[in-house]
Amino acid sequence: MRLQKIRKPIVITTAFLFHSLLIFHLLFSPVIIILASNKGIVNASFFSFVLIFLLSLFFGRAYCAWFCPGCGVQEIVGFVIKKKAKYTKARYIKYVIFIIWVSAIITGYLVRGFTKIDLSYGIENTPFERKLLLTLGAGLIIVPLALIFGRFASCKYICWQAPFMILGKKIRDRLSLPGLRIKTNAANCRKCNACTLKCPMDIQVMKKVQCGEIVDDECILCGNCIDACKSKALFYSISTPSKPLN
Ligand code: SF4
Ligand code: SF4
């Protein structure tokens, strides 16, 4: 069975649930956690971001493709917008955002300390209109960027969560720990380039097939390349790295 028939319904449902229940901001907003840290409150998104990092030590960036509500929005947008955002140096913008954002959070906790845990912070004390704005805020970023640059532009260029997972993946690979990867069987490759054309992150998949593994910080393990390959040259694997990594 094609992986996309499983993945897309999951991630689109996640997007629908998180947005309709107005809890997207509670668990993933980059704003709420800064407000919480400035009061010394450990809020729900604090645990979300820690969990995302811990999961990446085994799953890499699979969370992005399989469960992230933002990715679900990308998939919905993808029904209309077919152009892919390019794999350019703009992808480094997200690291700048990440450093500024994490610095603000750390500063808040350093100044205020950890005073209490409040998992409902951002729900009970936030007016409905603000909750709506914070929840829809992700969509208000994702959709215009997709219209201008193409699908998955925000994932590639500005996602504040992606660096957590890239960091986790790098630690895992540096320590040669086993984890979920896309491995390749180069002997099967017919060099048709179908995998590259299907990759939503615009990774040059075919060129990487010879390495025995698709190694790229932007790979979200969506499995589109696996589905596209009729020669079974690509497959999921739980294993250690094939080679020294980027
Ligand atoms: S789709 Fe498969 S056969 Fe075609 S280039 Fe990619 S890995 Fe090779
Ligand atoms: S390389 Fe394959 S698994 Fe990784 S993002 Fe591209 S299509 Fe998805």
Side-chain angles (χ1 to χ4, degrees), residues 1-12 14 52 55-56 58-68 70-78 81-88 90-92 94 142 145-146 149-159 161-170 172-173 179-239 241-243 245-246:
M1 187 183 189
R2 282 166 52 91
L3 293 161
Q4 304 318 304
K5 286 194 175 160
I6 304 169
R7 186 188 69 83
K8 284 189 182 178
I10 291 174
V11 78
I12 289 172
T14 310
I52 285 170
L55 286 173
S56 71
F58 184 84
F59 291 104
R61 285 186 69 178
Y63 159 82
C64 297
W66 289 81
F67 292 106
C68 175
C71 178
V73 176
Q74 299 281 3
E75 295 295 355
I76 295 166
V77 167
I81 301 169
K82 298 300 175 195
K83 183 178 89 168
K84 274 193 285 189
K86 298 279 178 217
Y87 188 104
T88 66
R91 69 188 189 279
Y92 295 120
K94 64 179 173 287
I142 291 169
L145 284 179
F149 299 106
R151 294 162 52 218
F152 285 81
S154 51
C155 305
K156 262 172 239 161
Y157 305 153
I158 62 158
C159 178
Q161 299 178 79
F164 276 130
M165 289 171 269
I166 293 169
L167 181 65
K169 191 169 73 76
K170 282 188 182 297
R172 173 191 80 179
D173 292 343
L180 185 65
R181 302 166 194 281
I182 306 244
K183 292 267 181 168
T184 67
N185 185 343
N188 284 4
C189 179
R190 293 176 292 117
K191 300 199 169 19
C192 66
N193 209 33
C195 47
T196 302
L197 294 174
K198 277 289 179 185
C199 177
M201 300 302 276
D202 201 33
I203 295 166
Q204 293 297 311
V205 186
M206 189 181 80
K207 288 185 184 164
K208 293 174 183 273
V209 168
Q210 300 304 322
C211 303
E213 180 178 343
I214 305 304
V215 179
D216 195 295
D217 289 344
E218 301 309 321
C219 178
I220 55 175
L221 294 128
C222 64
N224 272 296
C225 53
I226 298 174
D227 283 345
C229 182
K230 304 288 179 240
S231 308
K232 301 199 184 315
L234 297 148
F235 54 95
Y236 281 126
S237 165
I238 293 174
S239 50
S242 293
K243 63 187 271 291
L245 300 164
N246 62 350

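We're numbering straight along the sequence, starting at 1. Order of appearance sets the numbers: ligands from 1, and atoms from 1 within every ligand.
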Please write down residue, atom name and distance for the protein heavy atom closest to atom 5 (S) of ligand 2. I220 N, 3.5 Å
Ligand 2 contact on L221 by region, counting heavy-atom pairs under 4.0 Å: backbone
Within the 3.5 Å criterion, strictly below it, is a donor on Q74 or S154 matched to an acceptor on the partner's side chain? yes
Mind checking whether I182 and Y236 have side chains closer than 4.5 Å, heavy atoms only? yes
Got a sec: does the NZ of K232 have more than 12 other heavy atoms crowding it under 6.0 Å? no
Thinking salt bridges, do K208 and D216 make one under a 4.0 Å N-O criterion? yes
Tell me the protein heavy atom at minimum distance from atom 8 (Fe) of ligand 2, and give that distance in Å. C222 SG, 2.3 Å
I need the atoms of ligand 2 closer than 4.0 Å to a non-hydrogen atom of I214, numbered in the order shown. 1 (S)
Do K86 and K156 make a side-chain contact, defined as non-hydrogen atoms from C-beta onward lying under 4.5 Å apart? no
Heavy atoms, side chains only, cut-off 4.5 Å: are R7 and F67 in contact? no
Under 2.8 Å from atom 6 (Fe) of ligand 1 - protein N/O/S, by chain and number: C195 SG
Atoms in ligand 2 flagged as close to P200, the criterion being non-hydrogen separation under 4.0 Å: 7 (S)
Return the set of residues passing side-chain hydrogen bond (donor to acceptor under 3.5 Å, both in side chains) with T196 (not counting sequence neighbours), or none when no residue passes. N193
Ion pair present between K170 and D217, side-chain N to carboxylate O less than 4.0 angstrom? yes
Distance filter under 4.0 Å to I182 heavy atoms, resulting ligand 2 atoms: 3 (S)
Is any NZ, NE, NH1 or NH2 atom of the basic residue among D173 and R181 found under 4.0 Å from an Asp or Glu carboxylate oxygen of the other? yes
The protein heavy atom nearest to atom 4 (Fe) of ligand 2 is C219 SG, 2.3 Å
Please could you name the atoms of ligand 2 that G223 approaches to less than 4.0 Å, counting only its heavy atoms? 3 (S), 8 (Fe)
Donor-acceptor pair, distance only, cut-off 3.5 Å: does the side chain of E218 make one with the backbone of M201? no
Applying a strict 4.0 Å limit to heavy atoms, is A65 in contact with ligand 2? no
Would you say NZ of K198 has more than 12 non-hydrogen atoms from neighbouring residues, nucleotides or ligands within 6.0 angstrom? no
For atom 6 (Fe) of ligand 2, the closest protein heavy atom turns out to be C199 SG, 2.3 Å
